[in-house]
Amino acid sequence: MSATEPPNGASDEFEPFKELEAEAERIVRHPHAEAQRLHVVAEEGESGAAPFIEIVTVARWVIPFVALMIALIFAVYFAARRWG
């Protein structure tokens with residue numbers, strides 16, 4: 001088999017969607033437990049996903065703050081334009 005051909009359907013080695021399905025099911029069914037598990041994974045730092053977990057943790061607070069600041073800037077701009 002060449003490197004460009006996918007493995008045959010009988011192979012158990014090539015099942016990327018089964019792993020994604022299991023991850024999605026864990027997130028949907030038990031979000032709090034999954035958040036705790038991801039926190040433990042990030043604390044250990046041994047997984048390749050640890051930096052992404054930390055980025056999402058920070059982005060969870062930064063993105064709403066930035067959106068609020070942009071909304072306030074637009075509000076001040078349009079208020080100054082209307083009354084100025």
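All values below were derived from every heavy atom in this structure, side-chain atoms included, with hydrogens, water molecules and symmetry-related copies excluded.
Apart from Phe17 itself, the hydrophobic cluster it occupies contains Leu20, where clustering links Ile, Leu, Val, Met, Phe, Trp and Tyr at side-chain heavy-atom distances under 4.5 Å. Applying the 4.5 Å side-chain rule to ILVMFWY residues, one finds Phe65, Met69, Leu72 in the same cluster as Leu68. Annotation for Val76: hydrophobic cluster partners, listed by chain and number, are none (ILVMFWY side-chain heavy atoms under 4.5 Å, direct or chained).
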Output a table of donor-acceptor pairs, distance under 3.5 Å, between side-chain atoms of residues 35-63 and any protein atom two or more places apart or on a different chain; print 'none' if there are none.
{"residue": "Gln36", "atom": "NE2", "partner": "His32", "partner atom": "NE2", "Å": "3.2"}
{"residue": "Arg37", "atom": "NE", "partner": "Glu34", "partner atom": "OE1", "Å": "3.2"}
{"residue": "Arg37", "atom": "NE", "partner": "Glu34", "partner atom": "OE2", "Å": "3.3"}
{"residue": "Arg37", "atom": "NH2", "partner": "Glu34", "partner atom": "OE2", "Å": "2.7"}
{"residue": "Ser47", "atom": "OG", "partner": "Ala49", "partner atom": "N", "Å": "3.1"}
{"residue": "Thr57", "atom": "OG1", "partner": "Ile53", "partner atom": "O", "Å": "2.8"}

Sequence neighbours excluded and cut-off under 3.5 Å, please list the side-chain donor-acceptor pairs for residues 77-84, or say none.
none

